[in-house]
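Below is one structure, written out as structure tokens, with a few remarks after it.
Any value given below was found using the heavy atoms of this structure, including those in side chains, with hydrogens, waters and symmetry copies removed. Since we're looking at a predicted model, the values are computed, not measured. In what follows, chains are A, B, ... by sequence order, proteins preceding strands, each numbered from 1.
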There are 2 protein chains.
Amino acid sequence: MLTLTRKTEYAMIAVCHLAHAGHKVVSARDIADAHGVPLPLLMNVLKRLNRTGHVHSVRGAKGGYVLAVPPDQFTLDGLIEAVEGPVHLVRCTNPAKNARRCTLTRPCPLRASVRKVHDRLRDFLGAVTIADLAFDDRPDAGETPKVIA
Amino acid sequence: MLTLTRKTEYAMIAVCHLAHAGHKVVSARDIADAHGVPLPLLMNVLKRLNRTGHVHSVRGAKGGYVLAVPPDQFTLDGLIEAVEGPVHLVRCTNPAKNARRCTLTRPCPLRASVRKVHDRLRDFLGAVTIADLAFDDRPDAGETPKVIA
DNA sequence: TAATATAGCATCTTGGCAGTCCTGTTTCAA
DNA sequence: TTGAAACAGGACTGCCAAGATGCTATATTA
């Protein structure tokens, strides 16, 4: 548990594929074929990423997608937020009005410390970039994201 | 959405309560009353934590629970694993036989780098202890867990 | 104009979380 | 000895979000 959804998995694959493609337009079908991802689901994800401005879309025949954000400025946190919505370690860090307010003890003895853990988690996810994921063969890629208190 | 389940929330509350209680036996009802947590759910969680050896149970009237692991050696990762099962950022890090094997590209271009992120996440969760959560008023509590590449 | 490819919904299914309940066992205290 | 308190270990159900599919519209190319 504490697992990313499949949509995010598909998004990671797609975005990394686009990162490798550079400025070339790549269709959803090409990405799906290249990685064995179900095309309709991949398209759902790419449509979302287009709406959030993380990729540009080119419609029509010979159309497809291009990364709209440089891979080294495209964070994992941003990707998750685009596809799943904002990360919230626990409900009480979610300010959305539909999120049931924490009815537990007031003042909640955990609130402050959990909040810190939550912030640290987001810092962590914000330090991981698509470039880290896509170009793992770089010297020490994946070792770069540091989270220091 | 990369969110802890309520069971884990309840477990955090219970375990922190027990941490404050020291070696005193505290009943599930007392904890539930103290924090407004639904008793049956809290009991489910405590039963689990007892089976995993994180708390000791005392049966019978005047019975209850005592922390079985020192708070500063009781990690958030351990708590989550006890209540929800092991943390797996993506499915392909889950070796369980019932976990569908990743049928995506072989060799998966993301596997290595995602694995690193996953390991880093677990290191992070393993560095947060119940003591950090329960005794937030300690000097710089919550600031302690450092995750450095 | 036909084929290709994205846009935007709408819909359906399913698995797991959340919650409830029941029965049994242990211990204390009257 | 008996009743109450409290934990043990399940089974069971409802519900919601994730997961997946489908349809129609629009844009572009050849």
Side-chain angles (χ1 to χ4, degrees), chain A residues 1-11 14 18 24-33 36-66 68 80 83-86 88 90-91 94 96 98-100 103-104, chain B residues 1-11 13-14 18 24-33 36-66 68 80 83-86 88 90-91 94 96 98-100 103:
Chain A
M1 307 321 310
L2 207 68
T3 304
L4 298 173
T5 65
R6 294 197 197 181
K7 285 179 186 173
T8 303
E9 291 184 25
Y10 299 150
L18 292 177
K24 215 174 66 180
V25 174
V26 184
S27 72
R29 177 180 302 275
D30 287 345
I31 300 176
D33 289 347
V37 178
L39 178 59
L41 303 184
L42 187 66
M43 292 193 67
N44 281 340
V45 166
L46 284 166
K47 285 181 223 174
R48 262 197 108 92
L49 290 175
N50 176 51
R51 263 176 284 175
T52 58
H54 290 93
V55 302
H56 286 312
S57 70
V58 179
R59 299 179 70 157
K62 303 283 177 185
Y65 296 92
V66 186
I80 296 172
V83 176
E84 308 185 18
H88 288 292
V90 291
R91 285 167 301 152
N94 189 343
N98 62 344
R100 274 167 286 184
T103 56
L104 306 177
Chain B
M1 310 187 312
L2 210 64
T3 303
L4 297 174
T5 65
R6 292 198 197 184
K7 285 179 186 174
T8 303
E9 290 183 26
Y10 298 150
I13 291 170
L18 292 178
K24 213 175 69 181
V25 174
V26 183
S27 72
R29 178 179 302 275
D30 286 345
I31 301 175
D33 289 347
V37 178
L39 178 59
L41 304 182
L42 188 66
M43 293 193 66
N44 282 340
V45 166
L46 284 167
K47 286 184 228 173
R48 262 197 109 93
L49 290 175
N50 176 51
R51 262 176 285 175
T52 58
H54 290 92
V55 302
H56 286 313
S57 69
V58 179
R59 300 179 69 158
K62 303 284 177 185
Y65 296 92
V66 185
I80 297 172
V83 176
E84 307 185 19
H88 288 292
V90 291
R91 285 166 300 151
N94 187 344
N98 63 343
R100 274 166 286 183
T103 57

Run the side chain to side chain contact (heavy atoms under 4.5 Å, CB included) test on M43(A) and L46(A) for me, step by step, so that the C-alpha distance in whole Å, both residues' side-chain angles and the decisive distance to 0.1 Å come before the verdict. CA-CA 5 Å; M43(A) 292 193 67; L46(A) 284 166; 5.6 Å; no
To the nearest Å, give me how far apart CE (M43(B)) and P (dG19(C)) are. 16 Å
If you assign E84(A) and G60(B) each to the DNA chain D nucleotide with the nearest heavy atom, which residue ends up on the more 5' nucleotide? G60(B)
Using atom types as modelled and distance alone, determine if a side-chain donor or acceptor of T3(B) lies under 3.5 Å from a backbone N or O of H88(A). yes
Nearest-Å distance, OH (Y65(B)) to C1' (dA8(D))? 8 Å
For V45(A) and Y10(A), which heavy atoms make the closest approach, and how far apart are they? CG2-CB, 4.3 Å
From dC28(C), dT20(C), dT29(D), nucleotide with atom closest to K62(B) side chain: dC28(C)
On DNA chain D, more 5' by nearest nucleotide between L39(B) and N44(B) is L39(B)
Can you run down the side chain to side chain donor-acceptor pair (under 3.5 Å) pairs that involve residues 54-64 of chain B, sequence neighbours left out, and say none if there aren't any? T52(B)-H54(B)
Quick one: is R29(B) getting a side-chain N or O under 4.0 Å of the dA6(D) phosphate, OP1 or OP2? yes
Residue A61(A), side-chain heavy atoms: nucleotide from dG19(D), dT20(C), dT28(D) that is nearest: dT28(D)
Please lay out, stage by stage, how I31(A) and L18(A) fare under the test side chain to side chain contact (heavy atoms under 4.5 Å, CB included). CA-CA 8 Å; I31(A) 300 176; L18(A) 292 177; 4.0 Å; yes
Residue-phosphate contact under 4.0 Å: Y10(A) side-chain N/O, dA18(D) OP1/OP2: no
Is R6(A) close enough to dA18(D) that one of its side-chain N or O atoms is under 4.0 Å from OP1 or OP2 there? no
Does some side-chain heavy atom of V37(B) sit less than 4.5 Å from a side-chain heavy atom of E9(B)? no
Within residues 47-59 of chain B, which residues have any heavy atom lying less than 4.0 Å from an atom of DNA chain D? K47(B), N50(B), R51(B), S57(B), V58(B), R59(B)
